[in-house]
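Working notes for the structure below.
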Amino acid sequence: RVTKKLCPYLKNSTVREEAASTAYSLPDAMKQCPYVKDLYSGFGVEDQKDTNNLESSPRKLGIIPSSSNQPKLFKMEQSETSCECKDFYADEKKAECPMKSSEEISESNPTQYDHKFDDAITQLKDEGRYRKFINVERHMGSFPRATRREQKDKSEVVVWCSNDYLGMGQHPKVLTAMHNAIDNSGAGSGGTRNIGGNTKYIEELENEVAQLHGKEKGLIFSSCYVANETTLTTLPQILGPDTIYFSDSKNHASLIHGMRNGRCDRKVFRHNDVEHLEELLKETDISRPKIIVFESVYSMCGTVGPIKEIVELAEKYDALCFLDEVHAVGLYGPSGAGVAELIESHSDRVMISGTLGKGFGVYGGYVTGNANLIDVVRSNGAGFIFTTSLPPTVLAGAKASINHLRTSQKERSKHRYNTSTLLGKLIDQNLPVMKSDSHILPLFIGNPVMARTASDMLLDEFNIYVQPINYPTVPKGEERLRISPSPLHTEQMMDDFAGAAREVWTNLGLKLLDDYLVEPEMHEKFFLPAKKGKKIDIGDNHLYTYMDSLIL
């Protein structure tokens, strides 16, 4: 409960009596109030005649007066084509209202709701799943180094869990484009696109993502979570309540929530199990609207979706596909369009979503597809219609990043090299790296408390920042550290990380790779040490294996 004290000026009984009098004018009160009089003098009101106008004028909110005897709140210069505010912010003074210091927050008796909230947080802490956000400040030009701030202390750390996979958030072309945009257009977008309108930045970026994926149209959202949820919520409204979704069991929360909000039937197929998917499609009426929802790269386990096989089933059973390429765009394919481009899978049945905040290093999300489909989402999707659009700075930076990565192979090549190199160093340290078909390197722990403890030890003792991954992001008992190398990590950083992780594993008594491999069934869960004179066998399904086959 907030207890507000009376304004110190109005405490004066004489003032209250005068304020109640009809003869007591607003300008008189303004001149006497110890706080308001400073603001009053800053209005530029020049004489008593103007102060009277200030009280009575219907244009007293700062609209430009049409005659000289109107209140001069702003000094403006007008021409036939423009109206320019001169030095509007030049004389701003910092002032503090006494009311701020007079507000008191009093303790109140806890309600039944407070008990429930407290119990929920206590349970998370007891289970070791309470999320702690570390204060990590990145610095331009020095990523993956960053500054950790802990109360008054600070230290330099190396970041190993960023989704800025290629370090494009630091690229000079991206930063220059963003600086130019803010100098040209200012900070914000002005609201939703219905109100604020489009800008050249957003139109150019939508064309860029459409061309990237070889689609007719693109639509930009405030994030890919919003893009996924909005699109999947909207489609059943158009296709009808008989629509049915077919969802991979490891789909991201944004996809799941979108399908749930679509209020139509949903069937879940086992992760990457094409045979199970076909069984579900077979038992569904061919005339029903059907949408298969899956991802190209699953970010917590690093597995890759069987895109070609799923698209073939979509064509066979007359279904649409929604493919989430969030953790692949920028990183895979000749122009960075993702796994579908890499394996040359193209179909008009497939709509593709992506992010601007991971491989492209900025912020935002999008969907691409046939023009009429995109227009349906644009015209009906609440998450698009009622959300403020991205500012010009972000749009310009994202376009510059995409444009650069469509032709540059340097970042992708170094990223692949560092991922493969770090994998070898971790296995040399006998650490349990879970099998992955992509750039994601999960270090298995299997206990939420130990995962949190290992993360804290790496940070506190070795200045290495890597967050633990717990339920509900992964199933209980599958807790891990998720490592994402970038092209900007050095060989020394990789050596330091592998050595520090081994020391933490030893000090905490966590199982090493050899401890798991005594059980034959575990051979499918983890990367195995390389045989003498050979490279680590990353498996036939790994994207790097596929890329090697293209070269050969």
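Owing to the predicted nature of the structure, the values given are computational and were not obtained by experimental measurement.
H213 and Y366 have tilted rings, their planes meeting at an angle from 30° to 60° on a 0 to 90° scale. Aromatic ring pairs are classed by plane angle as parallel below 30°, tilted from 30° to 60° and perpendicular above 60°; the pair H404 and H171 is tilted. Aromatic ring orientation, Y225 versus H252: perpendicular (interplanar angle above 60°, classes split at 30° and 60°).
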Exercise for the section: I would like to know whether S155 and E150 meet side chain to side chain contact (heavy atoms under 4.5 Å, CB included); could you show each step before the answer? Expected result: CA-CA 9 Å; S155 57; E150 192 72 24; over 6 Å; no
Practice task
Quick one: do W160 and L422 satisfy side chain to side chain contact (heavy atoms under 4.5 Å, CB included)? Show the steps, please.
Solution key: CA-CA 11 Å; W160 279 101; L422 181 61; 3.6 Å; yes
Exercise for the section: Go through E279 and F269 one step at a time and tell me if the side chain to side chain contact (heavy atoms under 4.5 Å, CB included) criterion holds. Expected result: CA-CA 9 Å; E279 290 175 12; F269 60 93; over 6 Å; no
Practice task
Please assess D496 against V158 for the test side chain to side chain contact (heavy atoms under 4.5 Å, CB included), listing each intermediate value before the final yes or no.
Solution key: CA-CA 10 Å; D496 292 344; V158 176; over 6 Å; no
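A distance-only check finds a donor-acceptor pair linking the side chain of R482 to the backbone of S299 [under 3.5 Å]. At distances below 3.5 Å, at least one donor-acceptor pair connects side-chain atoms of R480 with backbone N or O atoms of E478. When atom types are taken as modelled, the side chain of E519 and the backbone of L517 share no donor-acceptor pair closer than 3.5 angstrom. A side-chain donor-acceptor contact under 3.5 Å links T231 to the backbone of A227. R406 places no side-chain N or O within donor-acceptor distance of the main-chain N or O of G336, the cut-off being under 3.5 Å. The closest donor-acceptor contact from the side chain of D114 to the backbone of T111 lies under 3.5 Å. Not one N or O on the side chain of T368 forms a donor-acceptor pair closer than 3.5 Å with the backbone of G218. Judged by distance alone, with hydrogens and angles left aside, the side-chain atoms of Q170 form a donor-acceptor pair with the main-chain N or O of G141 at under 3.5 Å. In terms of modelled atom types and a separation under 3.5 Å, the side chain of R145 and the main chain of H139 share no donor-acceptor contact. When atom types are taken as modelled, the side chain of S420 and the backbone of R416 share a donor-acceptor pair closer than 3.5 angstrom.
Residues that satisfy the side-chain contact (heavy atoms from CB on, under 4.5 Å) test with A328, not counting sequence neighbours, are S296, V297, E325, Y332, V339.
Side-chain contact annotation: T421 with N418, donor-acceptor N/O pair under 3.5 Å absent. Under 3.5 Å, the side chains of S335 and E341 contain a donor-acceptor pair of N or O atoms. If you check the side chains of H489 and S486, you find a donor sitting under 3.5 Å from an acceptor.
Looking only at side-chain heavy atoms (C-beta outward), R266 and I256 come within less than 4.5 Å of each other. At a threshold of 4.5 Å between non-hydrogen side-chain atoms, the residues C321 and R349 do not count as touching. With contacts defined as side-chain heavy-atom distances shorter than 4.5 Å, the pair M494/F497 does not qualify. Under the 4.5 Å side-chain criterion, counting only non-hydrogen atoms from C-beta, L481 is in contact with I445. Contact check for V293 versus D248: no side-chain heavy atoms found under the 4.5 Å cut-off. When side chains are defined from C-beta on, M493 does not count as touching V159, because their heavy atoms never get closer than 4.5 Å. By the 4.5 Å heavy-atom criterion applied to side chains, D164 and R138 are counted as neighbours. No side-chain heavy atom of R452 sits under 4.5 Å from any side-chain heavy atom of E479.
Note that the CZ atom of F527 and the CG atom of L513 stand 11.5 Å from one another [nearest 0.5 Å]. Once rounded to the nearest 0.5 Å, the distance linking CG of L313 with CG of L281 reads 6.0 Å. Atom CD of E503 and atom CE of M457 lie 7.5 Å apart (nearest 0.5 Å). Remark: I402 CD1 to T407 OG1 distance equals 12.5 Å, nearest 0.5 Å. Between the CG atom in L426 and the CG atom in L431 there is a gap of 6.0 Å [rounded to 0.5 Å]. For the atom pair K267 NZ and T284 OG1, the distance stands at 3.5 Å (nearest 0.5 Å).
Pairing each heavy atom of T243 with each of P236, the nearest pair is OG1-CA, 3.9 Å. Minimum heavy-atom separation, R412 to G330: NH1-O, 2.9 Å. Considering every non-hydrogen atom in both N470 and A451, the closest pair reads OD1-CB, 3.9 Å. Nearest heavy atoms, G169 versus L175: O-CD2, 3.7 Å. Taking both residues in full, the closest heavy atoms of S484 and S162 are given as OG-O, 2.8 Å, listed atom of the first, atom of the second, then distance. For the pair S401 and V174, the tightest heavy-atom approach, listed with the atom from each and the gap, is CB-CG2, 3.7 Å.
Checked for salt-bridge contact, E137 and R149 meet the test: a charged N lies under 4.0 Å from a carboxylate O. Under a 4.0 Å N-O distance rule, the pair D537/K435 does not qualify as a salt bridge.
Aromatic ring centres of H271 and Y298: separated by under 6.0 Å.
Remark: of the listed residues L458, I464, L459, L459 is the sole one forming a side chain to side chain contact (heavy atoms under 4.5 Å, CB included) with V157. Put simply, the residue from V326, L356, V367 that forms a side chain to side chain contact (heavy atoms under 4.5 Å, CB included) with C224 is V326.
The cationic atom of K358 (NZ for Lys, CZ for Arg) does not lie both less than 6.0 Å from the six-membered ring centre of Y165 and within 45° of the ring axis. Figure legend: cation-pi geometry between K290 and Y317 absent, as NZ or CZ is not positioned both under 6.0 Å from the six-membered ring centre and within 45° of its axis. Figure legend: cation-pi geometry between R129 and Y471 absent, as NZ or CZ is not positioned both under 6.0 Å from the six-membered ring centre and within 45° of its axis.
No more than 12 heavy-atom neighbours from other residues, nucleotides or ligands sit within 6.0 angstrom of NZ on K410. Within 6.0 Å of atom NZ in K308, more than 12 heavy atoms from other residues, nucleotides or ligands are found, so the atom counts as buried in its surroundings. More than 12 heavy-atom neighbours from other residues, nucleotides or ligands sit within 6.0 angstrom of NZ on K525. Dense packing is recorded around CD of E521, with more than 12 heavy atoms of other residues, nucleotides or ligands lying under 6.0 Å away. Within a 6.0 Å sphere centred on CG of D540, other residues, nucleotides and ligands contribute 12 heavy atoms or fewer.
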